[in-house]
Amino acid sequence: MGEVRYFSQDEEKTIDEAFAGLSKSYLQSKHRKKIELVTKAFNFARQAHNGIRRHSGEPYILHPLAVAQIVSSEIGLGSTSICAALLHDVVEDTDYTIDDINNVFGPKIAQIVDGLTKIAGGRFGENASSQAENFKKLLLTMSDDIRVIIIKIADRLHNMRTLEHMPVRKQYKISGETLYIYAPLAYRLGLNKIKTELEDLSFRFEHPDEYKEIEEKLAVTKRDRAAAYEEFVAPINAKLQAMGLKYKILRRIKAPYSIWRKMHSKGLSFEEIYDILAVRIIFEPTTPETEMNECFNIYLALTQIYKAHPDRLRDWVTRPKSNGYQALHVTLMGGRGEWVEVQIRSTRMNDIAEQGIAAHWKYKAGAVEGTLEEDDGELNKWLGTIREILEDPQPDSMDFLDTIKLNLFSTEIFVFTSKGEFRTLPQGCTVLDFAFSIHTDIGMHCIGAKVNHKLEPIDYVLKSGDQVEVLTSKSQKVMHEWMDFVTTAPARAKLRSILRKEDRENERFGEAIFNQFLKDQDLESDSAKMERIVALYGLESREKLMIAIGRKEIVPGTAEKNILKSDEGGSWYNKLFGSKKKNPQPDEAGNQDSRSIDLKHPLVITDYDAHSYHFAECCNPVPGDDVIGFVEKDGSVTIHQRRCEVANKLKTGQGNRIATIEWRTEETLFPVDIYIKGIDSMGTLGRVSDVVSGQMNANITKVSIEAHEGIFEGVIRIMVHSLDDVSKIRNGLKKIPGIKTAVRKEE
């Protein structure tokens, strides 16, 4: 018998051409030319994946080839990373083991492949938090070799580029976790170009109509932007040429996702966004030593042509971002009366901005790819934080996800200690975050701080340039309330660890108190009676009850005695507490029975059954919004907006519970909060009421307005039928004299 052919001749040719393209890009790089090793890895992967196809129907081997191509040409890594990319799915999807990889390719490639191999249970395993466990395993390996996460990001990028072949609910799941964790990780590692593409692809699959609309508007305004660009850069070109610089000027268009996010966060239309066009100047420094001075010389030259915005100079040259990013950003007033951002970078800075940590190795003499050195500063500090979080056992994988996520994507501020030492912290951090960043013991006993020599409480939010002296007291104790305003990952991880330890002690103390109560009252307990006592206080578990008793928040007494003495719960108990337990009955469509919900088909929300769904208060979805459903453990379904951050977290950790949703409601009313701001004047509130209730026939259920120094702002809650109602109300409010802002508010 002849050899079995799994793929057609055309498909075999496509595979060969893809490898030829990979080989060419690798050989053109500055890496040592270990083409034999790369070829060996390709042949191994090709044989392992032989006969296997992707969802698209194409040979599976084309996926690892594409990931290796991204790793080589778009990120700029070498042979070890390329081989690991080619082999990254071999252990997970075939009969080969890590030992096989180790025997053929050595321990380094095997270690990276192991880090890239997901834990048992698969992407859509039974365990709802298996995805979070996968991230945990990835990060564990990343702390030894950061190439693990870089290759994983490349893998995710190719999956996103081919996502149209997946079912819609899985598109939502994968897009959500991409926005929630992978794009921020790419940003944290300095892979800005990839970060932007991941965001845009997620946006395209989650909100296809809005993505298409923005793309069309960008196409329509392309000619005007080109003319504005040529007009703006003409005098800059003349100036830079006169300075004798080697440079190039690039036009940068704001990405669709970035435009859309700004439209929603600021309540603006596409036409109201002024910074769609930006300019990037990339110059070749005369010498490495003059690079920084030449950045500022270009800045000074630009300010001689255009007026600079006094508050929009961003100096990332002398103070690089923690992901290594360096550039000088200045916003200039162009000839057409529009602000234009200009980014000034050297060629080295531009490489690091596009390729992140990979370019960082390229510019460090003697640097070993995949490892960080002592002077790699902020990135090393961040990896140290990751190690700390991983060392602390997390009982809840979703808590772990939150902790990792917290500071991946935050803007940084610069804060000084009382001795003038410089520290970088995420925007929005508090005095307590700062205290924990110095030392755990200082955080535990922090009572406040002198910020710029003025006394401030522990929840005071710091600003860039603040000088902070932390005040402590030995009598201060860690409190659960601190979790409400601590924002940095290290502080939250340390706090959670301390509170868990205290909870364990309180639980033991509570058990002792409760057992003594049973002994004193000559009573006995069983699991059924304990469940009723737990329900009595609306708590989640017996453990929570014992913690509350240990803290002396609950003192066992008559109510507990009555329950423990009774043989059964009795009708009085069921009437009083039975309603607290969620147990929705299935409707005719079976929408509330988790066993009967067919997640392969959309759930349809009608006026008849809208009451049986829970609409998330974090984003208040209304008909017309792009939404997604999550099936809870009790079979109920919670509806979120697809762009909701809570929804993205759920997609990341519980993607197997996603349900697609269709709106078919006409009469049902939904609450929406509208934020308004403007010039305070007599009768404004009356005109607001007239527009909403009179002209739009909508019901106002809540008003919260404050005025200060001639400016008023506040929130009105309105009941609407659909997104069209929201748009009409907003437009009507904007026509009221004095109202400058009217946007939908989402928590």
Side-chain angles (χ1 to χ4, degrees), residues 14-15 17-31 34-35 37-39 41-42 45-46 49 54 56 58-90 92-93 109 112-113 115-117 138 142 145-166 174-175 177-179 181-202 204-205 255 323 350-362 369-370:
T14 301
I15 295 168
E17 287 173 351
F19 180 65
L22 172 63
S23 300
K24 184 179 179 182
S25 68
Y26 171 61
L27 290 170
Q28 287 174 345
S29 71
K30 295 179 181 178
H31 291 283
K34 296 184 178 179
I35 192 64
L37 184 64
V38 172
T39 305
F42 164 64
R46 185 176 193 171
H49 295 299
R54 301 188 80 208
S56 62
E58 68 180 12
Y60 193 90
I61 185 62
L62 290 173
H63 168 63
L65 272 168
V67 175
Q69 184 70 56
I70 293 167
V71 164
S72 176
S73 60
E74 297 185 47
I75 302 177
L77 296 178
S79 59
T80 301
S81 302
I82 293 169
C83 290
L86 287 166
L87 300 165
H88 79 273
D89 278 333
V90 165
E92 185 181 340
D93 295 341
I109 291 174
I112 297 173
V113 172
L116 290 161
T117 303
L138 266 174
M142 182 188 77
D145 193 319
I146 206 165
R147 285 174 291 191
V148 171
I149 204 68
I150 296 176
I151 298 166
K152 186 63 186 172
I153 288 168
D155 175 45
R156 175 50 56 110
L157 178 58
H158 184 249
N159 282 333
M160 288 301 298
R161 285 173 177 174
T162 56
L163 196 58
E164 68 269 17
H165 303 292
M166 298 292 283
I174 294 167
S175 295
E177 69 181 23
T178 297
L179 269 183
I181 206 94
Y182 284 106
L185 272 172
Y187 170 82
R188 198 61 185 73
L189 296 172
L191 301 166
N192 289 304
K193 191 175 179 182
I194 288 175
K195 182 267 300 184
T196 300
E197 188 177 351
L198 287 173
E199 288 176 336
D200 280 345
L201 287 167
S202 297
R204 177 184 148 203
F205 285 106
N323 61 12
N350 191 62
D351 282 349
I352 289 173
E354 298 301 318
Q355 297 183 327
I357 192 68
H360 184 70
W361 289 319
K362 183 169 83 174
E369 190 179 298

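Residue indices begin at 1 and follow the sequence shown. Quick caveat, the model's predicted, so the values are computed rather than measured.
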(request) Indicate yes or no: at least one non-hydrogen side-chain atom of Val90 is less than 4.5 angstrom from one of Val113. (result) no
(request) May I ask you to test the Leu157-Leu198 pair for a side-chain heavy-atom distance under 4.5 Å? (result) yes
(message) Rounded to the nearest 0.5 Å, what separates atom CZ in Arg156 from atom CG in Asn159?
(response) 6.0 Å
(message) Rounded at 0.5 Å granularity, tell me how far CG in Leu191 sits from CD1 in Ile149.
(response) 10.5 Å
(message) For a quick test of reading the model, state the closest non-hydrogen atom pair linking Ala353 to Asn192 and the distance between them.
(response) O-ND2, 2.8 Å
(message) Quick one, Ser81 and Ile150 - any side-chain contact, counting heavy atoms below 4.5 Å?
(response) no
(request) Keeping the roles fixed (side chain from Tyr26, backbone from Lys34), state whether a donor-acceptor pair exists under 3.5 Å. (result) yes
(request) Walk me through it: do Leu163 and Leu201 pass the test side-chain contact (heavy atoms from CB on, under 4.5 Å)? (result) CA-CA 9 Å; Leu163 196 58; Leu201 287 167; over 6 Å; no
(message) I want to check something: taking the side chain as every heavy atom from C-beta on, are Phe42 and Ile61 in contact at a cut-off of under 4.5 Å?
(response) yes
(request) Locate the shortest heavy-atom distance separating Leu116 from Val148; write the atom from each residue and the value. (result) CD2-O, 3.3 Å
(request) Determine whether Ile75 and Ile194 make a side-chain contact, defined as any pair of heavy atoms from C-beta on separated by less than 4.5 Å. (result) yes
(message) Counting C-beta onward and ignoring hydrogens, is there a side-chain heavy-atom pair between Arg161 and Ile70 closer than 4.5 Å?
(response) yes
(message) For His88 and Ile112: C-alpha separation, side-chain torsions, deciding distance, then whether side-chain contact (heavy atoms from CB on, under 4.5 Å) applies.
(response) CA-CA 8 Å; His88 79 273; Ile112 297 173; over 6 Å; no
(request) Start with the C-alpha distance between Asp89 and His49, add both sets of side-chain angles, then the distance that settles side-chain hydrogen bond (donor to acceptor under 3.5 Å, both in side chains), and finish with yes or no. (result) CA-CA 9 Å; Asp89 278 333; His49 295 299; 5.7 Å; no
(message) With rounding to the nearest 0.5 angstrom, report the CG to CZ distance, Leu189 to Arg147.
(response) 13.5 Å
(request) Kindly indicate whether the side chain of Asp93, heavy atoms from C-beta on, has any atom under 4.5 Å from the side chain of Tyr60. (result) yes
(request) Check side chain to side chain contact (heavy atoms under 4.5 Å, CB included) between Gln69 and all other residues, then give those that pass, not counting sequence neighbours. (result) Leu22, Ser25, Ser73
(message) Can you give me the closest heavy-atom contact between Leu86 and Pro64, atom names plus distance?
(response) O-CB, 3.4 Å
(request) Measure the NZ-CG distance between Lys195 and Leu185 for me, rounded to the nearest 0.5 Å. (result) 13.0 Å
(request) Taking all non-hydrogen atoms of both residues into account, name the closest pair between Ser79 and Val38 and its distance. (result) CB-CG2, 4.2 Å
(message) Could you tell me if the side chain of Glu199 sits less than 4.5 Å from the side chain of Met160, heavy atoms only?
(response) no
(message) To the closest 0.5 Å, what do you measure between NZ (Lys193) and CD (Glu197)?
(response) 8.5 Å
(request) Could you grab the distance from atom NZ of Lys24 to atom CD1 of Ile35, nearest 0.5 Å is fine? (result) 13.0 Å
(request) Measure across Ile15 and Leu65 and return the closest heavy-atom pair with its distance rounded to 0.1 Å. (result) O-CD1, 3.8 Å
(message) Ignoring hydrogens, what is the shortest heavy-atom contact between Arg54 and Pro59? Give both atom names and the distance.
(response) CG-O, 4.4 Å
